[in-house]
Amino acid sequence: TGTSTPTTTTTQPPGTEPAAVEPIVEDLLHRLDVITDEIVRDPSVVLDPDAPILAELAEVHAPGEAYDARMRTYRENAESGYRLEPLNAERTATTTLMGDLSTVDEATVEGQLCILNTYRALDGSGRLREVKDGLPHPGRVTAVRLDGVWKIQQIDVDDTQVCDPGATT
């Protein structure tokens with residue numbers, strides 16, 4: 001007699017069901033905020049290829065050009081000593097999904113963001129380089145489903161505009 005072993009699947013809903021994907025993308029954005037905050041406070045963590053934070057980043061961010069560009073920036077910041085500190089907030093930035101996700105295809109969704117920046121940037125000498133005290137910028141997120149699991153592919157930010165993180169759409 002054969003016995004069947006229950007299997008668990010990690011297949012998440014397709015992009016054709018954006019309402020079902022939305023809480024997943026919101027969770028990914030939150031996790032990415034937390035991971036990014038840790039890295040920008042001490043970018044030297046990215047210089048260790050075995051750093052746990054890099055494994056966490058790979059869990060939420062899809063590989064590709066945007067990921068590579070992000071890592072390049074982190075490494076450059078680590079080498080120069082450039083870092084961010086939260087300003088009047090717990091984190092350096094908080095990302096909010098604005099409105100509903102839209103379907104691009106079964107494996108891709110997009111949505112509008114509002115990214116609330118709350119940081120001061122310091123160079124390697126500890127000199128103040130930039131301050132964003134509660135400055136919200138609009139953006140756009142693209143998420144992709146890879147092997148049945150959603151990940152952030154890209155976040156584009158328009159820092160010439162502002163948005164209202166408290167708005168519902």
Side-chain angles (χ1 to χ4, degrees), residues 18-47 51-62 64-104 108-144 150-169:
V21 177
E22 193 168 301
I24 297 166
V25 171
E26 286 176 328
D27 180 62
L28 290 171
L29 290 167
H30 171 74
R31 290 171 60 198
L32 186 58
D33 279 349
V34 171
I35 293 163
T36 301
D37 187 65
E38 183 175 329
I39 293 171
V40 298
R41 288 183 194 212
D42 179 12
S44 67
V45 297
V46 301
L47 300 177
I53 195 75
L54 294 181
E56 291 177 44
L57 181 60
E59 285 177 12
V60 300
H61 204 297
E65 283 183 39
Y67 179 86
D68 294 344
R70 184 179 281 259
M71 289 303 299
R72 248 189 328 276
T73 300
Y74 292 156
R75 284 189 202 100
E76 290 167 3
N77 289 349
E79 290 164 8
S80 72
Y82 187 89
R83 69 188 189 286
L84 303 183
E85 294 177 348
L87 182 64
N88 300 320
E90 288 184 29
R91 289 198 308 255
T92 54
T94 303
T95 305
T96 304
L97 186 63
M98 306 299 289
D100 298 329
L101 288 176
S102 58
T103 298
V104 175
T108 311
V109 294
E110 292 181 335
Q112 298 297 321
L113 303 174
C114 189
I115 300 126
L116 182 63
N117 295 284
T118 49
Y119 66 82
R120 67 176 144 240
L122 305 168
D123 67 17
S125 302
R127 285 191 304 263
L128 186 63
R129 304 314 281 174
E130 180 181 35
V131 171
K132 291 198 176 182
D133 188 3
L135 186 58
H137 292 307
R140 183 164 195 77
V141 62
T142 303
V144 292
W150 286 99
K151 293 188 178 200
I152 301 297
Q153 181 180 49
Q154 184 160 339
I155 293 178
D156 296 306
V157 180
D158 182 352
D159 61 7
T160 66
Q161 302 292 317
V162 294
C163 54
D164 179 359
T168 56
T169 58

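Computed over heavy atoms, backbone and side chain alike; hydrogens, waters and symmetry mates excluded.
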Straight-line distance of E65 CD to Q153 CD, nearest 0.5 Å
9.5 Å
Any chance you could measure I35, atom CD1, to L57, atom CG, to the nearest 0.5 Å?
6.0 Å
Side chain to side chain donor-acceptor pair (under 3.5 Å) involving E38 - partner list, sequence neighbours excluded
none
Mind checking whether I155 and L32 have side chains closer than 4.5 Å, heavy atoms only?
yes
Is there any side chain to side chain donor-acceptor pair (under 3.5 Å) pair reaching into residues 72-83, and which pairs are they, with sequence neighbours excluded?
R70-Y74
Would you say H137's side chain and Q161's backbone share a donor-acceptor pair under 3.5 angstrom?
yes
Test of understanding: with side chain to side chain donor-acceptor pair (under 3.5 Å), list the residues that count as partners of R41, not counting sequence neighbours.
D37
Residue pairs passing the side chain to side chain donor-acceptor pair (under 3.5 Å) test where at least one lies in residues 93-102, sequence neighbours excluded
D33-T95
To the closest 0.5 Å, what do you measure between OG1 (T36) and CZ (R91)?
9.5 Å
d(T118 OG1, E90 CD) to nearest 0.5 Å is 10.0 Å
Rounded to the nearest 0.5 Å, what separation is found between the CG atom of L28 and the CG atom of L97?
11.0 Å
Close side-chain approach of V104 and T142, heavy atoms under 4.5 Å
no
Looking only at atom types and distance, does a side-chain atom of K132 sit under 3.5 Å from a main-chain N or O of T92, one as donor and one as acceptor?
no
P136 side chain near L116 side chain, heavy-atom distance below 4.5 Å
yes
Give the intermediate values and the outcome of side chain to side chain contact (heavy atoms under 4.5 Å, CB included) for residues Y119 and V40.
CA-CA 10 Å; Y119 66 82; V40 298; over 6 Å; no
Set of residues satisfying side chain to side chain donor-acceptor pair (under 3.5 Å) with respect to E59, sequence neighbours excluded:
R31
Interatomic distance, CG@L135 vs CD1@I115, rounded to 0.5 Å, equals 11.0 Å
Of all residues at least two apart in sequence or in a different chain, which pass the side chain to side chain contact (heavy atoms under 4.5 Å, CB included) check with S125?
D123, R127
